[in-house]
Amino acid sequence: MPTILIAEDETTIAEAVGYALRAEGFAADHVLLGAAVLPRIQAGGVDLLILDVGLPDMTGFDVCRGVRAASDVPVIFLTARQGEVDRVLGLELGADDYVVKPFSPRELVARVRACLRRRAPRPQARWQGAGAFEIDPEGRRIRYRGRMLELTRYEHGLLEALLARPGAVLSRAQLMDRVWPDALDSGDRTVDTHIKTLRAKLRAASTEADPIHTHRGLGYSIDPDAGC
Ligand code: CA
């Protein structure tokens, strides 16, 4: 019996959704505050999260960001205004679907069912360990010290290229070839700029180590075990 967690401060809505879910054979849990969501997800056993954007203590967007750093649980947003939909879609929060209020609980349950069906056949991610990093090559995701990194395509490409050859010094030209194969210019600045933002994200994930090393005049290398 899949368990659905409902994060919604309007109890009448939460009760109606919970009732519709239970009638269709789901188990339903309910929390009123955004701060309660992550601990409940981390406790395990939640198969899908229904997340109101307008929670009293924090926005659903912030809740989702925290959840995504820790879990792949499917998320369906409840939005109060059509105008919020653009944000749901535009923020690349990794949400699976959204429903605009007012909605029919039966419609939402149909979305839940469809969402779980879509997710079901996905094979388990094959995480490959590399020091403090874990790489999911098929999902194009990288975790650092247990935290999912939210990287742009280019940051991801750079990190992947460096991690493929731990300790090796890769020149800016080599990195350009790997990450920007179609670029016309030499692109030293491009590499440097994205290395800088990548470093900032690694620092945000863990202040203890600086795994990317600059080799003046030569390029960059990575020490995946830095600070391990
Ligand atoms: Ca609300």
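First listed ligand is number 1; within each ligand, the first listed atom is number 1. Model, not experiment: these values are computed from the prediction.
Note on ring orientation: taking the six-membered ring where Trp is involved, the planes of Trp180 and Tyr154 are parallel (angle under 30°, cut-offs 30° and 60°).
Val17 and Leu32 fall into different hydrophobic clusters, where Ile, Leu, Val, Met, Phe, Trp and Tyr residues are linked whenever their side-chain heavy atoms come under 4.5 Å apart, directly or through other members.
With Val75 as the partner, the side-chain contact (heavy atoms from CB on, under 4.5 Å) test is satisfied by one option alone out of Leu48, Leu49, Ile41, Ile50: Leu49.
Within Asp52, OD2 is the N, O or S atom that lies nearest to the Ca ion (ligand 1). Within Asp9, the N, O or S atom lying nearest to the Ca ion (ligand 1) carries the name OD1.
Among the atoms of Val53, no N, O or S atom is found under 3.0 Å from the Ca ion (ligand 1).
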Start with the C-alpha distance between Thr197 and Glu155, add both sets of side-chain angles, then the distance that settles side-chain contact (heavy atoms from CB on, under 4.5 Å), and finish with yes or no. CA-CA 8 Å; Thr197 57; Glu155 291 160 357; 2.8 Å; yes
